[in-house]
Each structure stands twice: as C-alpha cells, then as structure tokens.
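One structure is given here, and the rest of the page talks about it.
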Amino acid sequence: MKFLLSNIVALLLVFYLLSLASGKEEKKKDVYIVYMGAAAPASSPETLTQTHLQLLTSVIKRHEHPKLIQSYKHGFSGFAVKLSKDEALAMSRKKGVISVFVDPIYHLHTTRSWDFLQLQNSIETSSPSKSIKAEATSSSIGGEDTIIGLLDTGIWPELPSFSDKGMGPLKRKGWKGTCVNASDFNSSNCNMKLIGARAYSTDDSSLPYSFTDADSPRDDDGHGTHTASTAAGAAVSNASYYGVAAGTAKGGSPTSRIAMYKVCGLFGCSGSSILAAFDDAIADGVDVLSISLGASSVFSNPDFDKDPIAIGSFHAVEKNVIVVCSAGNDGPLPESVVNAAPWILTVAATTIDRKFESDIVLGRNKHVIKGQAINFSTLRKSPTFSLIYGRSAKSKSRSSTDQSASHCKLESLDKKKIKGKIIVCKNSDDDDTSNSIIVDQLKGSGVIGVILVKDQQKSIASTYLDFPVTEILLQAADELFTYINSTEKPVTTILPTVAVTKYKPAPQIAYFSSRGPSSQTKNILKPDIAAPGVDILAGWPMTLSSDVPPGKKPSGFNLLSGTSMACPHVAGVAANIKSWNLAWSPAAIRSAIMTTAILMNNNKTQLMTDSGSVATPYDFGAGEVNPTAALQPGLIYDATPKDYLLFLCNYGYDKAKIKLISASIPVGFKCPKNSSKDLISGMNYPSIAVSNLQGQEKRTVSRTLTNVGGKEVITYIVSVQSPVEVEVKVVPEKLQFTKKNKKLNYDVTFSVKDFSKKSDLFGWITWSDDKHRVRTPYVLSRK
Ligand SMILES: *[C@@H]1O[C@H](CO)[C@@H](O)[C@H](O)[C@H]1NC(C)=O
Ligand SMILES: *[C@@H]1O[C@H](CO)[C@@H](O)[C@H](O)[C@H]1NC(C)=O
Ligand SMILES: *[C@@H]1O[C@H](CO)[C@@H](O)[C@H](O)[C@H]1NC(C)=O
Ligand SMILES: *[C@@H]1O[C@H](CO)[C@@H](O)[C@H](O)[C@H]1NC(C)=O
Ligand SMILES: *[C@@H]1O[C@H](CO)[C@@H](O)[C@H](O)[C@H]1NC(C)=O
Ligand SMILES: *[C@@H]1O[C@H](CO)[C@@H](O)[C@H](O)[C@H]1NC(C)=O
Ligand SMILES: CC(=O)N[C@H]1CO[C@H](CO)[C@@H](O)[C@@H]1O
C-alpha cells in the first residue's frame, strides 16, 4: 500500500515539475515565502500581520484579494503567499524584505523516505533496539520541566510511550502551547507528557493535491510518533519488534514533556509550514527542538537566508532554544550534510551493538553461514531445500544474460528450474533494481527462499515481512559457491531471525549518514555529533497495518533507520543537560555534548564506518554522543547570538541584511572590515576547521573555555593528537581557573608539512583535569 502510494506521489511530482517547466509562467502563481527577519521588539502579532497584508497589497493587482497562507509574527516576521514570478521579484525589492523564495518541500530523514525519493518501493527499514537502553542511561534524572518540541509528522497520543503516569503538572511558568481541536484530535488527547500539539497545512488549491495535508496533529505516517518516543517516551516494558529484540523501550529523556508541531503530510514537509511551526514553538516556549527532516543535498542545499530550517532555528537559538537536526541520509557521498548552520546541532547516524541475524545452513554437515535480515516466514530448520544459483537457472530467452540471471531478474530465469528451491542472487550495489523488488518478483514464482549476496557491508538489516530471505556478504558467498560446486544436489535452509546483542564492533557510522564537510563553508566542521540511527525500536501508530507482518497484531513499535532516528536521541540528551543547567545557552549545551563524545567502539578500537574503513570527523563530528558524560563537561565553549552575527559577516552577508535577520543585534554592531571566510574558523565552536591552508603556512585560531565544573580552582592541561604531517602549538598549555564561570583563552597554531598524501587532515586537542576530558576535533584542509 505504502509502496503504491509512494509511486503515485512520485508520478504526480514528476507531472507537477513538468507542468512548471512548460510555459504559462507569467500567469502561474506559486507559494513563496517572504522572509523579513526579526520582528521589531515592540510590534504586536496583529500589527505585523497588518504590515504583511499592506506589503502584499502593494505588489498584487488591485482586483485580487490579498490572502496570506501563513503569517509569521511571534519569533520573527514574514509570510507565505501565492505570487507570480514578477510579483515575487517586485516583493524582493521592497524595504524590509530579506529574501523571497519558492516554498521548498523538505523530506523526512528516514531511509524509508529516502527510498521514496529515489522512487523505490522498499519497506527497507532495519534492525536493532539496544540503543534505547544505551541512550537512556541518564534518563531518570531531571527533565520534568523541560519541553522538547518536534517538527514532524504528528503523533499517536494513545501509545503507552506517551503516558503521563507519575508526572505532575508543569512547574515552570510561561508555557503557551496548546493542543488544537482537529479531526481525530483534541485537547483530551494531551496530558502531562504530551503538552502541545499543533498542525499546519499549506492550502494551495492550484496544485493537483495538497503538498501538506497536515490539518490534524494525528500521525498518519508514523515518523513523528517514532521520533517523539525516542526523544522523550515514557519507559514501556515488553517492547519488541514482534518478538525480536525484546526489552524496555524508553526515550532519551523520559521525564521531559513533548510538544508536537506537525509540518509534514503525505507529500513532504513544506517550508512555509516549517517556518510557521518555528514561529509558534518559539512563542510557546519550548526548550529543545528536534527536527528530523531537511533538504536533500542531492537536489539542492539552500543558502541560509533561503532555508526555512536555518532561518527558523536562528530565531529559536536567539531565544535560547537549542535546535537539534538530522544531518541527512545522502551518505556516504562527501559534502552531503544538510542542516549545517553553525547555530544548529547536526546529528549523524551510527549502528548499535545489536544485529539481526538470519543464518543459512548448508548440506549434510550443517555448515552455518551468517546472514543478516528480518523475516517472518516458517521454513524447516534442517537443510533440506534444494539450492540453486540464479545463473544456473538462466532461461533460454535471448535477452537473458549471465549477469541478469545471477542478479535473479525474473525474466532471465527458467521458472521450472527455480520452483520449490532456495535461490542465490548476486546483487551488485550499482544495480538499479533494488533487493526488495527482486524478492517481490521471486515470491510469486514458486521459489521458497532467497539468499542475496551483497558486495558491500551495510548496517541495516532489511525487513522481509513474509518471505524467507537473508543477505550474506561477498566473502561468505565464496563458501556458499564452493559448496554448490562440490555437490550434485546442494541443500540449505534459512534460519529464524535472532537479535544478537553485544555485537562488535559498534558503533559504526551508517553508510547512509550524510558526510562533511559542509558545502556551505569548510570552516565549520559538520556534522557535529553521531548517535544511534540504525534499526531503532520506538513507538508506532497501531493503525498502520502496512508495517505489520502477516498474521501478527500491530504492536505499537517499529524499527526504523535514518539520521531522523539519531536526531531525537541527541535532543533527549540536550533536554537532560538543560534541565540541570537552566541558564545554559544552546551553544553551551552543544559544547557539553560534543566535547564529551566517545571515539572508541566496543572493541576498543577507533570508530569505523559500516563498510570497514576508518571513520573521520567528517563522518561523526566530535564522536558518538555520551549521555552521561555530557551532563558534566567540566569546561564549555560558549557562544552568543553575536558570534552567529559575526559568522554571517564572515560568510559574506552585509550589515543591512544581518540587522534584518537578528532580533538581538547590539546597538552599533558593524561587520568588521576584515571579515572573511577564513575568520569563520575563529568562532568559539567546540570543533576547529581550517580550510584553504597552503603548505608551510601557519594559521592561528583562538578559543575560549568557561569553567562549569564542580571546582572553582582547577587546572587543565592540554594534550594534542596529530597526524605526522601536522604541527600544532597550543598557548598556553595550562589553564588555571580560579572561579566558577571564569573564562580563559588559548591559541592554537597549525601548520602542515605535507598535504601530498591527504587533502584533509584530522586531529584532536584535549584539555584534562583529574576528572574531565574536554576534547575538540580539528580538520585542516588544503582547499
Ligand atoms: C472541536 O471541533 C468540533 C468539530 O470540528 C466542534 O464540534 C467542537 O465544538 C470543537 N471543540 C472546541 C473545544 O472547540
Ligand atoms: C474530544 O473528542 C472526543 C472524541 O471525539 C470527545 O468525546 C471529547 O468530548 C472531545 N473533547 C473536547 C475537549 O472537545
Ligand atoms: C510482558 O510479557 C509477558 C509475556 O508475554 C507477560 O507475562 C507480562 O505480563 C508482560 N509484562 C507487562 C508489564 O506487560
Ligand atoms: C563454481 O563453478 C563455476 C563454474 O561452474 C565457477 O565459475 C566458479 O568460480 C566456481 N566457484 C567456486 C567458489 O569454486
Ligand atoms: C577487535 O579488535 C581486535 C584487535 O584489537 C581484532 O583482532 C578483532 O578482529 C576485532 N573484532 C572485531 C569484531 O572487529
Ligand atoms: C579584524 O579586525 C578586528 C577589528 O575590527 C580586530 O580586532 C581583529 O584582530 C582583526 N582580525 C584579524 C585576523 O586581522
Ligand atoms: C523474526 C521471525 O519471525 N523470524 C522468522 C524467520 O523465518 C523463520 C523460518 O524461516 C521463522 O522460524 C522465524 O520465526
């Protein structure tokens, strides 16, 4: 069902884009976002909307009725409206307007929607559930008055994950959120756990369908329910994926409150809705925003003043709200990270120490080969099923080739030869037919099971709901083929799926996780941090029967993969930090999370990718989030909105534009004359990135540390880890703090002896006392 729907959606999208391309441009109106920056402090929401209407009237023809689709009037000023190209151009010249851009459609960062983007049909979610335990170590503490807002697909409020058992009313004042009255949703769906729920729809009748059919906060997709329960779900015992991976599921901050802002519908998440949600969330008073969606780096990576997430989060951060976003699922391509503004905490995805194995057993001596997948079929456990390689079952048809037959393309196979057998298929990763399509075709052809041979290790265990399938690696396939060659009548079986825990090595960087550097500027290292995002078990609407294995009842849980799943893990940690340190800025919380991150896997070696290569900070930022250590960072790299203004100066924006963007621009603020991209490296960020570095050139950057540890008088000593090509000098090498919140500076001078082997070089600068370890990654690059 889901598959069908996605394809129809994809087709509609193609038609829509075609219709855009073909003529009628002048008359045609699109939804545009008109962004006007910070709201003047004195202006009321009503006067702002008046201003928006006046502006609109001045641009459109007299006989047309001015109609605002959205009016942003709390956190910042702007509106969404339908305009022709000419009107949009006229609008962009008006005083007070920063940018005018076509309302973009963003996508959820699950692998599912990622497949959707590639017009594929698979229900390829994935495996483990251990993370839910790992991330929750810090859970029982604090959080009671911390509110995590999510911009997502809505929520299924009846799940046990959203029970408010044991929770009292909010103690802090000033929460202005509400639970809207909508179809299948009203205030009685909210409680002390779920304290806010709003929905946004961009009503655009010119489209053949509504891009955002989000008129009720009820989740008809599942994604928002999953992320909300990952961030702040209550503990639920007996959680499992239909019996596999059983345990207690709970969110990263189970005592935090949840406010859902539904911005995504069946067709994606419109920028105009995203901005409206930011506008409300800031005014409502959330503490943390968790955003598991974004632009696709493949199609576009919009500049900061045309990216609703960058714009909305800038204003949220100015109001002391920390914004946590997924990095995207366009990995492992370099420069694929999105949501990379320096005021955002950008999250990459890793595996956890659980793996779903579905092994195969060969012949009479029952040799076992490890496979990975989840299946819900019922094959005998003894190896008695005939085994055949797709290539050996090639049909006589002229279009059949050895290659297409070994890939098990149904039209290349002799159906008589494969009937009643388990078939082995090689599937090169650049093949355009996905595994699930191959399996779907084979299902109807009389084969009783499929063994897929993959070229590349990928961390996600594919789910084949009702058919015996497993996936093995190329190396293991050698054993399999040797066996097939060795006997006339090879036999095998596919064993039931078991969840193997304490799997080593973990974490590993998931292949799909988007990679740095940022295509916008190499002088801020992105992503910032990594967190579990593969085969994550969390809450799921009871009604989505398409995700339920045949013969089972909906369980209220599902396994999903994506940076979408990693983001709410970090949002939960941020909420815990916030609840203990109410006064901390978003930058301080980010610093605590980054400088305490883990760099070693559970096999005590450095972090690797799931394909086996050594991972770098372009894959994981500062490392894997450590929920416990992040609560006691010792020192922090703080930053204020003014630092982000200077960033914008150095990035190339002029003062007039910056003044319009920022609500907190200090009187007399000026962009320094020497503003330049190189100076971005000097921002007080918890990582260091220096680009455009010539051989032999020395480059110095400064950082400021603030003592937030338990001791007032404390000495930290620096240590540096560098590759041989790099020389690093830190001055001073000792920082002696004399009181709490005392700030001290240090300078780091880098020079690179040799860029000839690698054009990006990574290292670490670590400040330690007897208790804390404050670690900062650095990257130096030639370009
Ligand atoms: C909620 O909406 C329903 C119908 O849409 C209406 O009958 C009801 O009065 C509304 N309730 C409130 C509290 O607004
Ligand atoms: C909410 O909806 C339910 C069921 O539709 C209804 O029984 C209840 O009265 C509504 N509550 C409010 C406050 O509108
Ligand atoms: C968990 O499941 C087991 C077996 O299905 C059952 O006996 C037990 O009561 C359940 N516990 C809870 C808390 O639901
Ligand atoms: C099995 O036999 C085929 C030819 O029949 C050969 O191409 C292949 O390399 C053999 N594989 C192994 C692992 O021996
Ligand atoms: C764990 O590390 C050891 C060496 O430190 C290595 O020999 C072994 O293969 C590793 N295990 C895994 C599963 O990677
Ligand atoms: C840039 O100019 C500012 C003054 O506007 C000065 O404080 C700073 O040191 C200069 N930076 C560099 C790298 O020259
Ligand atoms: C998780 C699960 O249900 N796995 C099933 C996979 O298929 C085998 C038979 O091939 C079943 O026994 C397992 O229960």
Side-chain angles (χ1 to χ4, degrees), residues 128 130 154-158 162 164 177-192 194-199 215-220 260 350-357 359-360 362-363 367 369-372 386-394 401-408 414 417 423-426 428 451 453-455 457-459 472-492 500-510 534 542-543 598-615 624:
K130 183 72 172 299
I155 194 160
W156 196 267
E158 291 84 3
F162 306 123
D164 63 354
T178 181
C179 292
V180 296
N181 184 24
S183 74
D184 208 7
F185 204 97
N186 64 32
S187 58
S188 53
N189 289 118
C190 285
N191 57 20
M192 315 243 198
L194 178 62
I195 62 168
R198 296 180 187 268
D215 54 355
S216 162
R218 183 160 293 271
D219 187 3
D220 33 29
M260 175 56 67
T350 57
T351 61
I352 54 178
D353 64 347
R354 181 185 53 210
K355 195 159 186 147
F356 290 100
E357 281 187 9
D359 299 342
I360 56 179
L362 299 178
H367 180 61
I369 292 178
K370 284 201 157 110
Q372 180 181 270
S386 294
L387 176 63
I388 189 165
Y389 181 26
R391 200 168 70 185
S392 314
K394 190 170 75 167
T401 63
D402 277 358
Q403 201 195 13
S404 65
S406 35
H407 289 182
C408 295
D414 181 343
K417 285 192 180 155
I423 187 168
V424 182
C425 311
K426 271 196 172 174
S428 114
I451 299 170
V453 180
K454 299 202 296 188
D455 293 355
Q457 169 80 33
K458 285 193 178 165
S459 44
I472 64 173
L473 283 178
L474 209 48
Q475 300 93 290
D478 265 352
E479 289 176 52
L480 178 65
F481 286 121
T482 306
Y483 167 70
I484 294 179
N485 283 1
S486 75
T487 175
E488 212 143 288
K489 290 196 171 138
V491 287
T492 190
V500 177
T501 52
K502 305 204 173 132
Y503 178 84
K504 286 181 184 176
Q508 292 175 304
I509 312 302
V534 176
M542 297 296 244
T543 49
I598 301 166
L599 280 182
M600 204 178 264
N601 62 32
N602 60 0
N603 195 27
K604 304 236 164 16
T605 56
Q606 60 188 324
L607 293 180
M608 313 280 267
T609 68
D610 59 3
S611 60
S613 60
V614 172
E624 175 87 353

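All of these numbers come straight from a predicted model, not from anything done at the bench. Order of appearance sets the numbers: ligands from 1, and atoms from 1 within every ligand. The basis for the numbers below is simple: all heavy atoms, side chains too, and nothing from hydrogens, waters or symmetry mates.
Close N/O approach between T605 and ligand 5 is not found [any backbone or side-chain N/O within under 3.5 Å]. Residue N181 has no N or O atom closer than 3.5 Å to an N or O atom of ligand 2.
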Tabulating one pair per line, provide the atom names and distances (0.1 Å) for every N/O atom of ligand 4 that is less than 3.5 Å from a protein N/O atom.
from	atom 1	to	atom 2	distance (Å)
ligand 4	2 (O)	N485	OD1	3.1
ligand 4	2 (O)	N485	ND2	2.3
ligand 4	11 (N)	N485	ND2	2.9
ligand 4	14 (O)	N485	ND2	3.1

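Between atom CG of residue N181 and atom OG of residue S188 there is a gap of 9.0 Å, rounded to the nearest 0.5 Å. One distance of note links CG of D402 with OG of S392; it measures 9.5 Å at 0.5 Å rounding.
In this structure, N602 contributes its side chain and A506 its backbone to a donor-acceptor pair below 3.5 Å. At distances below 3.5 Å, not a single donor-acceptor pair connects side-chain atoms of T178 with backbone N or O atoms of V180.
Below 4.0 Å from some heavy atom of S187 lie the following atoms of ligand 2, by number and element: 13 (C). Heavy-atom proximity to K504, at under 4.0 Å, picks out these atoms of ligand 5: 13 (C).
When the salt bridge (charged side-chain N to carboxylate O under 4.0 Å, His left out) test is applied to D164, no partner is found at least two apart in sequence or on another chain.
Using a 4.0 Å cut-off between a side-chain N of Lys or Arg and a carboxylate O of Asp or Glu, K394 and D414 do not qualify as a salt bridge.
Test K454, E357, K355 against Q372 for side chain to side chain donor-acceptor pair (under 3.5 Å) and you get one pass: K355.
There is no side-chain donor-acceptor pair under 3.5 Å between N603 and T605.
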